[in-house]
Amino acid sequence: MLKIKGLVKKYGKFTAVDYLDLHVPKGEIYGFVGPNGAGKTTTMKIISGLMEADRGEVYVNDIDVLKNQRKAKEVIGYMPDFFGVYDDLKVTEYLDYYASIYKINAKERKKICDDLLELVDLQDKKDAYVDSLSRGMKQRLCLARSLVHNPELLVLDEPASGMDPRARVEMKEILRVLKDLGKTIIISSHILPELSELCTSIGIIERGKIVISGTVDEIMQQVYRKRFIKVKIKDKTEECAKVMQEHPLITNIIKGENSIEAGFEGSEEEMAMLLKELVMRDIPVISFGQMEGNLEDVFMKVTKGDEA
Ligand SMILES: Nc1ncnc2c1ncn2[C@@H]1O[C@H](COP(=O)(O)OP(=O)(O)OP(=O)(O)O)[C@@H](O)[C@H]1O
């Protein structure tokens, strides 16, 4: 459904998207996770035909988005990560305005607006002024707006940001309904655990590159293959870090005052060998063990890759 290959976007000399590859099959809810500034919004705007790329390929079905942004916009619904100010516009007027941009006739527009307001549970607010809505309601209205032309692919930039827990649950329910209606959805967030419940697959983006991607299960497997260990030492932190840095199975070392955390890509036997080596090198080890790994931990560790 969505295929991205070698996508690059620079702002001046700064590379925001760095040879990014991504594949989202039809009917998936794909979670696009990354810290602030990782390149999520830039990528999503390019997918949605709202921004030019410097190089690469983006295909939605068989539409070449980079060459035919107009055609792409017909099959893509984009929900931005901010909601503008709409003085004096009522909820139905707002939706009707967006539907009119797609040249839908007045009779059809009314039906579409009614259906969408029902979908996002805002029927009771149809005559309310947009600016009077709560944040959660505004986000739902914004989602409805991205659906006026019945797109096949929905690109949602942080749709649940700033919402309270109840509003988040409501948003998730709506996204599940949309999935059941056959939509393909790509959704960005900083909040990994939320996405892991909702999404069928996940990609973690850091500095414009996808660092891990796959189904939630696949990512969990990667977590368990790549363990995180924690060594507590009485002193000699520097010496301990040096031994660990030289170890071929160790990655991503994070030094504390009297502790070291690190990624370890080996078996339990190899872990035992590492402990033995530390002790033989006279490092005063107080404790040595594997840290619990959940998706959020992986995300934190993977996106801290430059601290080794
Ligand atoms: N118009 C611009 N000019 C220069 N730099 C930009 C511009 N837009 C974005 N950037 C930079 O590009 C990088 C990626 O930004 P982007 O908004 O795509 O990230 P993001 O992952 O969506 O972050 P956030 O979660 O904060 O929205 C950031 O370092 C940002 O400062």
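For ligands, and for the atoms within them, numbers begin at 1 and follow the listed sequence.
The closest heavy-atom contact to atom 20 (P) of ligand 1, among the options Met51, Glu206, Lys40, comes from Lys40. Ranked by closest heavy atom to atom 28 (C) of ligand 1, the top entry among Gly37, Gly39, Gly12 is Gly37.
Residue, atom and distance of the protein heavy atom nearest to atom 18 (O) of ligand 1 are Thr42 OG1, 2.5 Å. Looking only at heavy atoms of the protein, atom 6 (C) of ligand 1 is closest to Tyr11 CD1, 3.2 Å. Counting protein heavy atoms only, atom 27 (O) of ligand 1 is closest to Thr41 OG1, 3.5 Å. Protein heavy atom in closest approach to atom 30 (C) of ligand 1: Phe14 CE2, 4.6 Å.
Annotation: the span from Glu158 atom CD to Phe82 atom CZ amounts to 13.0 Å, rounded to 0.5 Å.
Tyr102 and His149 have parallel rings, their planes meeting at less than 30° on a 0 to 90° scale where 60° marks the start of perpendicular.
For atom 3 (N) of ligand 1, the nearest protein heavy atom lies closer than 4.0 Å.
The contact set between ligand 1 and Ala38, taken as ligand atoms under 4.0 Å from a residue heavy atom, comprises 19 (O), 20 (P), 21 (O).
Contact annotation: Glu158 has at least one heavy atom less than 4.0 Å from an atom of ligand 1. Ligand 1 has no atom lying under 4.0 Å from any heavy atom of Gly34. A heavy-atom separation below 4.0 Å is found between Pro35 and ligand 1.
The N/O atoms of Asn36, backbone and side chain alike, include one that comes under 3.5 Å of an N/O atom in ligand 1. Considering backbone and side-chain atoms together, Ala16 places no N or O closer than 3.5 Å to any N or O of ligand 1.
Here Tyr78 pairs with nothing under the ring pair (Phe, Tyr, Trp, His ring centres under 6.0 Å) rule; sequence neighbours left out.
Within the structure, side chain to side chain donor-acceptor pair (under 3.5 Å) contacts touching residues 4-15 (residues at least two apart or in different chains) are Tyr11-Thr42.
Using a 4.0 Å cut-off between charged nitrogen and carboxylate oxygen, Glu173 and Arg176 count as a salt-bridge pair. Checked for salt-bridge contact, Asp114 and Lys126 meet the test: a charged N lies under 4.0 Å from a carboxylate O. For Glu170 and Arg166, the salt-bridge test passes: some basic side-chain N is under 4.0 Å from an acidic carboxylate O. A salt bridge links Asp18 and Lys209; the closest N-O separation between the charged side-chain nitrogens and carboxylate oxygens is under 4.0 Å.
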Worked check of side-chain hydrogen bond (donor to acceptor under 3.5 Å, both in side chains) between Lys110 and Asn105 | CA-CA 9 Å; Lys110 177 158 186 334; Asn105 70 49; over 6 Å; no
